[in-house]
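Note sheet for the following structure.
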2 protein chains.
Amino acid sequence: MAGVSAATVTRALSTPDVVRPATRDRVREVAASLGYHPNRAARGLITGRTGNLGLLVPDLANPFFPSIVKGVQGRAHEADHAVFLADTDEDPAAEAGLVRKLAKQVDGIVLCSPRMAEPELRALAAEVPTVLVYRRVPGLPSVTAEFLDGMRQAVSHLIALGHRRIAYVAGPRTSWANRERVRSLRAVTRRTGVELVEMGTVAPQFHGGVSVADRVLAAAVTAVIAYNDLVALGLLHRLAARGVAVPDDLSVLGFDDIPLAEMVHPALTTVALPKEEAGQAGVDLLLHLLDSRKAVRRDLPTQLMVRGSTGPAR
Amino acid sequence: MAGVSAATVTRALSTPDVVRPATRDRVREVAASLGYHPNRAARGLITGRTGNLGLLVPDLANPFFPSIVKGVQGRAHEADHAVFLADTDEDPAAEAGLVRKLAKQVDGIVLCSPRMAEPELRALAAEVPTVLVYRRVPGLPSVTAEFLDGMRQAVSHLIALGHRRIAYVAGPRTSWANRERVRSLRAVTRRTGVELVEMGTVAPQFHGGVSVADRVLAAAVTAVIAYNDLVALGLLHRLAARGVAVPDDLSVLGFDDIPLAEMVHPALTTVALPKEEAGQAGVDLLLHLLDSRKAVRRDLPTQLMVRGSTGPAR
DNA sequence: TTCCGGTCTGAAAACCTTTTCATTCCGCGT
DNA sequence: ACGCGGAATGAAAAGGTTTTCAGACCGGAA
């Protein structure tokens, strides 16, 4: 329609500087009027780049992940990439299969996989460019947060409020995030001389918090730090039902800062982890990896959000 | 490697019945050992089917949508399709553009678009097979819920508790869901003789509920129905801050049944809309549309979840 | 005038499948 | 013995791009 060959159309659209301005404008004009966009599948066939990214999350129903998805999605679109989303339903076994299926159709993968074993992750990363989010494996590009610093902020806050004996409700033992949190917490409490009571592991969900609340109450602590906000909310729920005043009788502190945290009453004091930013950083690192073959690591800052669920120790 | 032509490989893998068993087995064996999977982009080039679906949601941060995404995602994977996800950030203007970009790479689109104008939707649907979720447009395939029945359940529940004067806090006027809810509610209250006080429109979010709470309180009603759960939670939050007892002084009723609804205290009575099921149905309808060119409509049942936020009228 | 270099454009190959059409081979009926 | 039909396979085209290579054209230098 523009009276030029397909080759010139390609050049006019993707490398405009090499075609004569008059021709270029004519081609682009015609293309626009026809609503023509290059077929990305055909392009991918020859360039080897599909312009697609894969994103794997363990469970969208966990309010932590939609924010990450949002970040990935937004940044990917800015970089003119589309996003394949897969939810593994908390099944680490299914993850590898999903990644491999996706692998053929994407340039790279942003992987949120708190549970998958490290060797498996390495194997996957060798097959398809991969960036880990909220998971660190030596040698692989990853986005995480400064857990240690967040934990330091949380404990300092509690100490300032007069707490000296603190419980920790742990998440799944196999989860990397939980291991990190435990490690940080132990380090911080040892350094500050605070007494730490570890309550054992619960499901990282609302009902996990509900189920452990009575044991926390029996542990004679003045404050409790939960593995994440969902668990903290479960604690709050059960404590309210038992008539325990928060924060007067017990201070409750969460981790993540999911949107619900400030919607409940009392609002939850929590260590905010960057979520949307982590998603964006994941995409940045992935694109960087694709361009330069360099695996980078990024550690994002955390921030204690002081709300109503923590107060002076009795 | 199997000593046969590419044509035979294709046949052995996708139409096994037309190749001699011995050959077929040999080919499949070699394919497996090589980890060979047909390149879907190349296949799409010739078959015209990509095996990909698009999914557009207005805002993943709204807890209503992750469940839908989960449903779409799960069912699509069962049908061996991958899912492109796009979040439009509540920007109806951007939606059309996103759909068109996605259109070339997918067989069809599952579209959650409460705001987009009807003509625009029709135009889009003419360009690419589209199924609407929680939106009804005559002639287009769509998945919705029985709002009228849900509203009937809600109002009957309130009537049974002795409520006779009920407030409704509306969502965006341009939203299809809000229009449906208002329409249903008016019909039900007219029929039952309940007095309906319409409080006007708020943002369909937590802060929307917070901001309207005092006006509801001044309206001298004994119960309030909110456009959705987020607004209802905002109401609860502000009411708690004002020292109003729920449900003793005021009953609060939501819509959607997002996961948070049962995490707050008191837990929120709400009309549950099928979310994951809606996503699954969306995929089913889309695949049906692709196969048979027939546009179907599906109406899913709603279910009142009675929890702690509603009680007898004073 | 000739030749050179540079700029712009077109032809053709390549990417990886699937599908159509043709070919080969075999067994069977006449 | 011949021909026919059916089954199995291969060759080649097609799908929509991008890239490489070659060619056309033009201006300027020798």
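A, B, ... follow the sequence lines: proteins, then strands. Residue 1 opens every chain. When reading the values below, keep in mind they use all heavy atoms of this one structure, side chains included, and skip hydrogens, waters and symmetry mates.
Closest heavy-atom contact between A/Thr50 and A/Asp107: N-OD1, 2.7 Å. Nearest heavy atom pair, residue A/Pro92 against residue A/Arg115, reads CG-CB, 3.7 Å. Taking both residues in full, the closest heavy atoms of B/Pro58 and B/Thr88 are given as CA-OG1, 3.2 Å, listed atom of the first, atom of the second, then distance.
The line from NE2 of B/His77 to NZ of A/Lys101 is 6.0 Å long, rounded to the nearest 0.5 Å.
Under the ring pair (Phe, Tyr, Trp, His ring centres under 6.0 Å) criterion, A/Tyr134 pairs with A/Phe64, sequence neighbours left out. Every residue meeting the side-chain hydrogen bond (donor to acceptor under 3.5 Å, both in side chains) condition with B/Asp257, not counting sequence neighbours, appears here in chain and number order: B/Arg307.
Near-neighbour residues of DNA chain C inside residues 9-23 of chain A, defined by a heavy atom below 4.0 Å, number-ordered: A/Arg11, A/Val19, A/Arg20, A/Thr23. A heavy atom lying under 4.0 Å from DNA chain D marks the following residues of residues 27-51 of chain B, by number: B/Ala42, B/Leu45, B/Ile46.
When the local axes at the two ends of the helix from C/dT1-D/dA30 to C/dT30-D/dA1 are compared, using 5 base pairs at each end, they differ in direction by 70° after rounding to 10°.
Comment: B/Glu29 does not engage B/Arg26 in a salt bridge, judged by the lack of any side-chain N to carboxylate O separation of less than 4.0 angstrom. A salt bridge does not link A/Asp256 with A/Lys275: none of the charged nitrogens is closer than 4.0 Å to a carboxylate oxygen. One finds no salt bridge joining A/Arg24 and A/Asp17 here, because no Lys/Arg side-chain nitrogen approaches an Asp/Glu carboxylate oxygen to under 4.0 Å.
With B/Arg11 contributing its side chain and B/Pro16 its backbone, the two residues share no donor-acceptor pair below 3.5 Å.
Side-chain contact between B/Val99 and B/Leu56 is present, with at least one heavy-atom pair separated by less than 4.5 Å. Within the 4.5 Å cutoff, no side-chain heavy atoms of B/Lys104 are placed close to those of A/Asn39.
In 5' to 3' order, the nucleotides of DNA chain C bounding all contacts with chain A (an atom under 4.0 Å from a heavy atom) are C/dC8 to C/dC16.
Distance, B/Arg26 CZ to D/dA8 C1': 12 Å, rounded to whole Å.
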